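These numbers come from a predicted model, not from an experiment.
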Amino acid sequence: MGFNIAIDGPAGAGKSTIAKRAAKELQFIYVDTGSMYRAIGLYMDRQGLDLTDEALISSRVSEADVSINYVNGEQQVLLNGENVSTLVRTEAVGAMASKVSAYPAVRAHLLELQRKLAKEADVLMDGRDIGTCILPNADVKIYLTADPAVRAKRRCLELEQKGIPCDPQAVLQQIIDRDYQDMHRETAPLRQAEDAVLVDTSSMTIDEVVNEIIRLADAKRKQEPEM
Ligand code: DC
């Protein structure tokens, strides 16, 4: 088993930016599980399927072969062999992922891949249920969150920097909707694991958050000398 760091939290809390940087500094492999759900959402949408039809989506999930590849340390997500890493980054695909990820068959489809990655290497894995379901024995668990208004503001800034106009009210509403959906589903809802450290990034810089994660990992590693 590798040394495992689990980071969970709501949409837009900065998980991927922070996890990517912390993983690089720690020389861990970064595993972005959201992109795996995004790939499944994209597959179902491309098939023209009704994403609210649980029985239908569950019966087709085995058609979506999701795998992970690393190129120069960057994670790529492959959908039936196609690199969809960039395609899945839109808010529309995020909303699709949020819908299909509520179905137990979809979650079961990805569980093994996620656990296998954590077994094989030192990983920093982010998602919604990593500390609660996927890696209940993770060495370090972090629940990363921020005020919804702060998350919306950051998201808008990110879009505007890419030259994409942003409606702050609409982005805030998307965040509130996705939080609700991810926290209120029956299977593996987003919640803070009992043994997770809460990190509220509302008034923290990226560097401060990354340093906090490294500090937590180092403290744990000192407690657990290598065998
Ligand atoms: O982190 P993200 O925005 O890329 O995730 C997209 C959606 O996928 C999110 O709204 C809920 C779902 N998801 C999940 O249910 N479990 C995970 N471990 C990761 C993501």
Exercise. If you count the non-hydrogen atoms of other residues, nucleotides and ligands that lie under 6.0 Å from OH in Tyr70, is the total more than 12?
Worked result: yes
Problem set entry | Any donor-acceptor N or O pair under 3.5 Å, side chains Tyr30, Gln75 | no
Seminar exercise, completed: Rounding to 0.5 Å, atoms CG (Asp53) and OH (Tyr103) come to a distance of 7.5 Å
Problem set entry | Charged N-O contact under 4.0 Å between Asp8 and Lys141 | no
Exercise. Thinking salt bridges, do Arg89 and Asp32 make one under a 4.0 Å N-O criterion?
Worked result: yes
Exercise. Looking at Asp126 and Lys15, does any basic side-chain N land under 4.0 Å from a carboxylate oxygen?
Worked result: no
Exercise. Strictly by modelled atom types, are Gln173 and Asp177 linked by a side-chain donor-acceptor pair under 3.5 Å?
Worked result: yes
Problem set entry | Nearest heavy atoms of Leu117 and Met36, plus distance in Å | CD1-CE, 4.0 Å
Exercise. If you measure from CD1 on Ile40 to CZ on Arg107, what distance do you get to the nearest 0.5 Å?
Worked result: 10.0 Å
Problem set entry | Nearest-0.5 Å distance that lies between atom CG in Asp147 and atom CG in Asp200 | 7.5 Å
Exercise. Under 3.5 Å, is there a donor-acceptor pair linking the side chains of Asp207 and Thr205?
Worked result: no
For this session: Taking the side chain as every heavy atom from C-beta outward, state whether Tyr43 and Leu49 have any pair of such atoms under 4.5 Å apart.
Result: no
For this session: Run the numbers on His109 and Val100 for side-chain contact (heavy atoms from CB on, under 4.5 Å), then give the verdict.
Result: CA-CA 12 Å; His109 186 63; Val100 299; over 6 Å; no
Exercise. Are Tyr37 and Ile175 connected in a single hydrophobic cluster, I mean Ile/Leu/Val/Met/Phe/Trp/Tyr linked by side-chain heavy atoms less than 4.5 Å apart?
Worked result: no
Exercise. Any ion pair linking Glu158 and Arg155 (charged N to carboxylate O, less than 4.0 Å)?
Worked result: yes
For this session: Please check if any side-chain donor atom of Thr201 sits under 3.5 Å from a side-chain acceptor atom of Arg154, or the reverse.
Result: yes
Exercise. Does the pair Arg151 and Asp179 meet the rule for a salt bridge (Lys or Arg N to Asp or Glu O under 4.0 Å), with working shown?
Worked result: CA-CA 11 Å; Arg151 288 188 270 140; Asp179 282 358; 2.7 Å; yes
For this session: Could you tell me whether Arg215 and Asp218 make a salt bridge, using a distance below 4.0 angstrom between a side-chain N and a carboxylate O?
Result: no
For this session: For the pair Val31 and Ile68, evaluate side-chain contact (heavy atoms from CB on, under 4.5 Å) and give the outcome as yes or no after the intermediate values.
Result: CA-CA 9 Å; Val31 182; Ile68 292 296; 5.5 Å; no
For this session: Run the numbers on Glu120 and Lys116 for salt bridge (Lys or Arg N to Asp or Glu O under 4.0 Å), then give the verdict.
Result: CA-CA 6 Å; Glu120 287 170 350; Lys116 188 167 165 271; 3.5 Å; yes
